[in-house]
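The sequence lines fix the lettering, A, B, ..., with proteins before strands; numbering per chain opens at 1.
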Number of protein chains: 2
Amino acid sequence: MNAVANKNLSRIQREKRSKIQKAALEVFSEYGLRSATLDKIATACGLTKPNILYYYSSKDQIYFEVLNGLLDEWVAPLHKISKEGEPIDELLGYMKAKLKMSKQKPKESKLFANEILHGAPLMQNILATSLRQTLDEKVAVIDHWVSEGKLANVSGYHLFFSIWAMTQHYADFDVQVKAILDKNEDELFQEAEEYLTNLLLRMLSFPTELTVSTKSS
Amino acid sequence: MNAVANKNLSRIQREKRSKIQKAALEVFSEYGLRSATLDKIATACGLTKPNILYYYSSKDQIYFEVLNGLLDEWVAPLHKISKEGEPIDELLGYMKAKLKMSKQKPKESKLFANEILHGAPLMQNILATSLRQTLDEKVAVIDHWVSEGKLANVSGYHLFFSIWAMTQHYADFDVQVKAILDKNEDELFQEAEEYLTNLLLRMLSFPTELTVSTKSS
DNA sequence: TAAATTTTTGACCAAATGGACAATTATTCT
DNA sequence: AGAATAATTGTCCATTTGGTCAAAAATTTA
């Protein structure tokens, strides 16, 4: 229900807009809205500045479009958490999906991180309504699981915060991670997944169940 | 061993420089280096732009000074981790110190977050040498504790990454946190500390020890 | 193919911004 | 007090940047 604007566009328009958005993601994720320039975006997509402004009315417009175009995809894994599923599997799956996004879409991650870091001027509304509502629902599911004794007693909200923080850390702060750990990316994310799997298992299981899943290396 | 430059400064110089740095932290943490302006800093500290440039040779110079002036303080809690102490206490203490900094120094946290998010142009060197060395040492301590059976088997590096990520999340992404959880700050950080204490206890303890520290609400 | 429409671009503009500088004011020193 | 020094500021400048616009080029339509 997102990319509505693509309806009556010619081939050439669709192509150019897509090109611009890709380049814009590149530039915005590296520099942020305010210090990204139209010239940089223009260079990145091989168009001229006025040509870009023929397709988008302003820099802010491009930024808004890019951000919004990615939003649904960004929140998608959250929707996949099913109250019908096995609690720990669902939450491990969510963590893995988020970690995968950090690996495969670091630019998107940085774009959102930068936006929120600077006060989320364009998204505060969405955060406080749409995201919040979805999260409330999922937290209710977690509370239900806890009350059924299927999950150790945890705060759903803080659980989500920590999953977001830990998974996105590998994308947003990759410079720091790589300065400290000079592994290749595959190895790094493999380690991260093992670490976070272990962490969540310990966090969500009852101690008696834990002995089973704790493996000594 | 940091604030060396304050040596031969007059009272008036020390005062003004301090004023400027405070205002600069304010502005840089909100806007980042590139989109912070000297005018904003000038307004924030009640000086004129040329007057600021009388004390610092350039905007970049101010940024560098602020960042460096905060670095030692920022890494300090890491140094306090003592191999003589009780492993879990030491690591819980570290987490609490970091969380406290997120609560009391969110601007500093955002400043560093922004710097690293955009590639750490001014700090990459420090990250890869000084921070990395310190962290290597502390990870060695953790490995030692693990080999002595005083700590569950965890990757020290990923443990630190996750502590950083989870604690700083409450400062760096406070807009998002507050959009979802409308508690007051004290309450929020109290909850976070309980959650993270529980998380670390579960992560670092052996399952048999866990039953003791797991309290049901 | 010729007219109509869409796309592209070079040239230009106004505002914002980092910074220079000389002149003025305040402070310190003798 | 008066000279010397330090601090402050108004004015100015060059560059960057978002954006305009009219003309040219390319494409589509009839």
In whole angstroms, the gap separating P of C:dT8 from CZ of A:Arg17 amounts to 12 Å
With a 6.0 Å cut-off (strictly less than), is the heavy-atom count around NZ of B:Lys40, excluding the residue itself, greater than 12? yes
To the nearest angstrom, how far is A:Glu15 atom CD from C:dT6 atom P? 18 Å
Choose from C:dC21, D:dG18, C:dG19 the nucleotide whose nearest atom is closest to any side-chain atom of B:Ser58. C:dG19
B:Phe28 CZ to C:dG18 C1', in whole Å, measures 12 Å
Against the side chain of B:Thr37, the closest entry in C:dG18, C:dT9, D:dG19 is C:dG18
Is B:Lys59 side chain donor-acceptor paired with the C:dG19 base, going by distance under 3.5 Å alone? no
Taking OP1 and OP2 of C:dG19, is either one under 4.0 Å from a side-chain nitrogen or oxygen of B:Tyr56? no
Give one of base, sugar-phosphate or nothing for B:Ala42, where a contact means two heavy atoms less than 4.0 Å apart. nothing
With a 4.0 Å limit, can you tell me whether A:Tyr54 has a side-chain N or O closer than that to the phosphate oxygens OP1/OP2 of C:dT7? yes
Side-chain N or O of B:Lys16 closer than 4.0 Å to phosphate OP1/OP2 of D:dT8: yes
Mutual orientation of the aromatic rings belonging to B:Trp164 and A:His169 [parallel < 30°, tilted 30-60°, perpendicular > 60°]: tilted
Under 4.0 angstrom between B:Gln13 side-chain N/O and D:dA7 OP1 or OP2: yes
Looking at A:Thr167, is its backbone amide N or carbonyl O close enough to the side chain of A:Ser102 to form a donor-acceptor pair, meaning the two atoms are under 3.5 Å apart? yes
In whole angstrom, give the distance that lies between atom NZ of B:Lys49 and atom C1' of D:dT11. 11 Å
Give a yes/no on whether any side-chain N or O of B:Tyr55 is located under 4.0 angstrom from OP1 or OP2 of D:dA6. no
Between P of C:dA16 and CZ of A:Arg34, the distance in whole Å: 15 Å
B:Asp60 or B:Ile12, whichever maps to the more 5' nucleotide of DNA chain C: B:Asp60
So, does A:Asn51 get its side chain near the phosphate of C:dT9, meaning an N or O under 4.0 Å from OP1 or OP2? yes
If I take atom NZ in residue B:Lys19 and atom P in nucleotide D:dT8, what distance separates them, rounded to the nearest angstrom? 9 Å
Length of the line joining A:Leu53:CG and C:dC12:C1', which is rounded to integer Å: 14 Å
Within this structure, what is the CG-to-C1' distance between B:Asp39 and C:dG18, rounded to whole angstrom? 9 Å
Indicate the atoms forming the closest heavy-atom contact of A:His79 with A:Lys138, along with that distance. O-NZ, 3.5 Å
Around B:Tyr55, counting heavy atoms of other residues, nucleotides and ligands shown, do more than 12 lie under 6.0 Å from its OH? yes
